[in-house]
Each structure stands twice: as C-alpha cells, then as structure tokens.
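One structure below.
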There are 2 protein chains.
Amino acid sequence: MNAILRRKQHKAELRTQILEAAREIFVRDGYESFSMRKLAQRIEYSPGSIYLHFKNKEELFESLVEESFDRLLRALNRLKNGHPQQDPAATLKKGLRAYVDFGLRNPSDYRFAFLLRRPLHRRPYKVHPAFDVLRYMVGRCVEEKHFRTVDIETTSQALWAAIHGITSLLIQRPTFPWVARRKLIDQVINNAIDGLMVRTDQEEETRAGVQHVQLSHL
Amino acid sequence: MNAILRRKQHKAELRTQILEAAREIFVRDGYESFSMRKLAQRIEYSPGSIYLHFKNKEELFESLVEESFDRLLRALNRLKNGHPQQDPAATLKKGLRAYVDFGLRNPSDYRFAFLLRRPLHRRPYKVHPAFDVLRYMVGRCVEEKHFRTVDIETTSQALWAAIHGITSLLIQRPTFPWVARRKLIDQVINNAIDGLMVRTDQEEETRAGVQHVQLSHL
DNA sequence: TCATTATACTGAACATTGTTCATTTATCAA
DNA sequence: TTGATAAATGAACAATGTTCAGTATAATGA
C-alpha cells in the first residue's frame with residue numbers, strides 16, 4: 001500500500017542523487033569528459049540504471065539546466081519581493097547587481113543556464129519567467145517617472161544584454177586582465193541605466209536632485 | 001629540389017581543406033556530433049591521415065577558433081583604418097555596431113571565438129589584439145574631449161561587455177521574442193555610450209559627485 | 001509461510017568514438 | 001631502376017552512449 005509510495009520516494013531520492021553526482025562531475029571534469037559510465041560508477045550502480053531515471057545523456061543534462069534556471073529565478077524573486085516599497089530605480093540597480101553576483105557566485109549554474117552548448121531544435125529554455133522580473137522592475141521605473149519614457153520591452157532586453165555580457169565574460173574568460181570586478185560591474189550597470197534616467201532640465205532639477213540622493217544610498 | 005616545396009604547398013592546401021570541411025561539419029551538425037571519422041570520410045581520406053596535420057581533435061578545433069579570431073580582428077582593423085579622420089565618438093559607435101554585425105553575420109565565427117565550450121587550462125585566446133582596437137577608439141574619444149574623463153581601461157571593458165552581451169544572446173537564443181534587432185542593438189550601444197559623453201558643466205559635476213559617492217561604499 | 005507478480009537492477013552486447021602504429025603506397029633524387 | 005623519404009592506410013585498442021534479455025529484489029495475496 002504505502003509501500004508503493006515509499007518506492008516512489010526512494011526513486012525520487014535516487015534521481016536527485018544522480019543529478020547531484022552528475023553536476024559534480026560536469027563541473028569538475030568539464031562537459032567533454034563527463035560520461036554516463038563514470039556517473040554510474042560514482043553512484044555505484046550499473047550504467048543501465050541511469051536510464052531508468054533519464055531517457056539519455058541529453059535529458060539528464062537538460063534537467064541540470066532546468067535546475068540551474070530555477071535557482072536563478074528564485075534568487076531574483078527573493079530580491080524582487082525583498083524590497084518592495086523602495087525606490088524602483090534603486091531596486092532595479094540592485095537587481096542587476098544581484099543578477100551578476102548570482103552568476104559569479106554560482107558560475108556552474110550560470111554556465112548551465114546560459115553558456116553551455118545547446119543542441120539545435122531543442123525546446124526553448126524558460127528564460128521568460130526570469131525575464132519577467134526584469135521587465136516588471138523596468139516598468140515600475142517608468143511608471144514612477146524615474147525613467148524618461150522608454151519602450152519597456154526594448155529597455156529590458158538591452159539591460160539584460162549588458163549584464164549578461166559582463167557576467168558571462170567574467171565567468172568564461174578568467175585569464176583576461178580585467179580591472180577590479182566591482183568597479184567594472186558598476187560601470188556597466190551605471191552606463192546602462194544612467195542614460196535612461198529623467199534628464200536634468202531646468203524644470204526637473206529638483207526631482208533629479210532628490211533622485212540622485214536616493215540613488216546614492218544603495 | 002622544388003619538389004619538396006611543391007609537397008609543402010600541397011600539404012598546406014590539404015590542411016586548409018581539412019579545416020574548411022571541419023568547420024562545415026561543426027556548424028551543420030553541432031559540436032556534439034562532429035567526429036574525426038566523419039571528417040575523414042568527407043575529405044576522402046582515412047581517419048589516421050588527419051593526424052598528419054593536427055595532433056588531435058582538440059588542436060583541430062583550436063585552429064578553427066584561431067581562424068575565427070583572426071577574421072574578427074581583421075574586420076575590426078578594417079574599420080579602424082577605414083575612417084581615420086572622423087569624429088572619434090561616431091567612429092566608436094560605428095565600431096561597436098560593426099562588432100555586433102560581424103557576430104550576427106558570421107555567427108559560427110563568433111561562436112568559435114567566444115561562445116563554444118573551452119577546455120580548462122588552455123592557453124588564453126588572443127582576445128587582446130582585438131581588444132586593443134576598442135581601447136584605442138575609446139582613448140581617442142577621451143583625448144579629443146568627446147568623453148568626460150573616464151578610466152579608459154574600465155570603459156573599454158564595460159563597452160565590450162555590453163556588445164558581447166547583445167551579440168551572444170542574439171546568436172544563442174534565437175527563439176527569444178526579441179524586439180527589432182536594429183532597435184535593440186542601437187539601444188544597447190546608445191545606453192552604453194551616451195552616459196560617457198561630455199555634458200553641460202554643472203551637470204557633469206553633479207554626476208561625477210554622485211558616482212563617487214556610489215562607488216565609495218561598495 | 002510460500003508462490004506470484006511487479007519492479008529494480010544488472011551486465012553483456014552493439015555501434016561508434018578518438019587515437020596509435022606497423023605496414024603499404026606514392027614520390028622523387030641519383 | 002634503385003633507394004630513401006614522406007604520405008596514407010586500415011587494423012587495432014580502449015572508451016563511449018544506449019539497449020535489452022535476463023536476474024535479483026521486494027511487495028502482495030493465499
């Protein structure tokens with residue numbers, strides 16, 4: 001009776017155990033030298049057993065990607081819900097920084113989510129939910145007149161491009177002679193955002209001043 | 001006598017023939033399903049023959065990367081030398097656009113140069129010469145006072161991050177619902193550059209002050 | 001307790017991979 | 001033609017992903 005339930009649970013546990021081991025091997029040895037047989041040996045099962053949980057190597061890999069996406073998404077949502085009533089532009093900057101930080105702190109997750117080779121004609125990853133968070137943040141900036149009127153969609157995509165650029169480069173090219181990370185990341189984010197802020201015309205000077213003060217205590 | 005020369009030449013021709021065929025297979029079938037044997041069959045030689053020209057699959061792959069890098073570099077240099085006496089900021093924008101365009105027009109080259117998986121502990125690719133062009137362009141903008149005084153190195157790296165971001169995303173995620181490409185690319189570039197341009201005097205001071213405060217407590 | 005049945009797991013097998021190397025073939029100078 | 005040098009082969013090896021007929025294990029009903 002509940003034996004079948006116990007079995008299901010055990011199977012699920014085994015599945016996550018496989019995933020954990022697989023991720024470890026992927027990360028440590030690189031995608032190239034990962035092998036199903038190595039994985040089997042690691043979890044102390046026969047190679048065939050893995051195929052009871054995953055259709056093939058590709059699907060196993062895909063599951064890892066999915067996992068990493070979820071983690072990134074959760075990190076972003078935590079941030080979005082964490083500071084709901086703050087200045088939206090500040091929150092946005094914080095969000096962008098958090099995105100980059102997540103990538104740098106969890107490079108293997110970021111690799112899985114965005115960088116690793118992706119076979120053609122594969123169902124698209126779910127970047128969308130994660131992107132929604134960004135779109136929402138930009139939208140609030142426009143609504144509350146911190147940004148001059150801009151196309152929310154275009155702006156969101158452009159911002160994503162910029163922060164993905166710096167994140168992926170820092171991860172993928174660690175030997176490049178980068179300047180100090182924080183400085184570089186800030187410059188990318190400031191460059192990308194500052195041009196969007198309301199202009200300091202004569203009549204808007206006051207608000208602009210206030211806004212700068214707000215920004216400064218990020 | 002000159003027979004050995006003829007041989008050398010023939011060998012070189014064969015080498016480039018192999019590279020061409022390899023690139024075609026890589027691009028068409030994906031890295032995963034490329035195989036030395038397929039390549040051998042394609043060029044109508046035995047598998048062993050490839051090893052007369054390349055130590056192994058890795059080195060063959062590396063040669064393709066090198067090739068792609070060179071092409072990108074040449075494209076950038078053409079641009080740099082093409083419009084020497086123009087407004088440097090305009091040239092820079094043009095250069096950034098040209099970078100993105102090169103990537104989009106030659107996605108396989110860009111993939112090889114930047115996106116494809118890179119085995120650890122490999123000698124660093126020569127991004128540096130290509131990056132020099134960018135650094136030079138930014139430097140001219142600062143010299144001729146089109147940009148407010150900025151750290152050339154940091155600015156160059158930040159710009160690279162932004163354009164690499166949009167280039168790689170457009171290449172790697174063709175199914176994402178992007179807005180119009182030109183519009184998006186322009187927005188990324190304008191966002192990144194406009195914040196660097198010289199402003200009216202009092203504006204510049206405000207901005208500089210704010211930035212300093214922001215940076216100081218990170 | 002024992003037999004039945006559903007499930008988990010194995011391990012041998014297959015085709016394919018990267019790479020090596022002794023052997024054969026082609027090329028050219030003398 | 002002969003001898004030497006380089007080019008090319010293809011058989012061999014170990015390792016890969018994946019399948020599947022068979023075996024062990026555990027749960028169920030009597």
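Each chain gets a letter, A, B and so on, in the order its sequence line appears, and its residues count up from 1.
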**Q.** First encountered from the 5' end of DNA chain D, between B/Leu14 and B/Arg37
**A.**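 Of the two residues, B/Leu14 wins.
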**Q.** Closest-nucleotide 5' rank along DNA chain D - winner of A/Ser49 and A/Ser33
**A.**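 Nearest-nucleotide comparison on DNA chain D picks A/Ser33.
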Find the distance [X]:[atom1] to [N]:[atom2] and express it as a whole number of Å.
{"X": "B/Gln9", "N": "C/dT27", "atom1": "CD", "atom2": "C1'", "result": "16 Å"}
{"X": "A/Ile18", "N": "C/dC9", "atom1": "CD1", "atom2": "P", "result": "9 Å"}
{"X": "A/Ile50", "N": "D/dT16", "atom1": "CD1", "atom2": "P", "result": "12 Å"}
{"X": "B/Lys8", "N": "D/dA7", "atom1": "NZ", "atom2": "C1'", "result": "14 Å"}
{"X": "A/Glu32", "N": "C/dT19", "atom1": "CD", "atom2": "P", "result": "10 Å"}
{"X": "B/Phe61", "N": "C/dG18", "atom1": "CZ", "atom2": "P", "result": "14 Å"}
{"X": "B/Tyr51", "N": "C/dC21", "atom1": "OH", "atom2": "C1'", "result": "13 Å"}
{"X": "B/Tyr45", "N": "D/dA7", "atom1": "OH", "atom2": "P", "result": "11 Å"}

Q) Which of these nucleotides, D/dT18, C/dT19, D/dG10, is closest to any side-chain atom of B/Ser46? A)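 So the side chain of B/Ser46 is nearest to D/dG10.
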Q. Side-chain donor-acceptor pair under 3.5 Å between B/Tyr110 and B/His164, yes or no?
A. yes
Q: Would you indicate, yes or no, if D/dT16 has its OP1 or OP2 atom less than 4.0 angstrom from a side-chain nitrogen or oxygen of A/Ser35?
A: yes
Q. Checking all strands, does A/Phe34 fall into the base, sugar-phosphate, or nothing category for heavy-atom contacts under 4.0 angstrom?
A. sugar-phosphate
Q) Can you tell me how far CG of B/Asn106 sits from CG of B/Asp109, rounded to the nearest 0.5 angstrom? A) 5.0 Å
Q. Are A/Asp101 and A/Arg182 ion-paired here, with the side-chain N under 4.0 Å from a carboxylate O?
A. yes
Q: Step by step, work out the salt bridge (charged side-chain N to carboxylate O under 4.0 Å, His left out) result for A/Asp186 and A/Arg181.
A: CA-CA 8 Å; A/Asp186 282 336; A/Arg181 281 198 166 184; over 6 Å; no
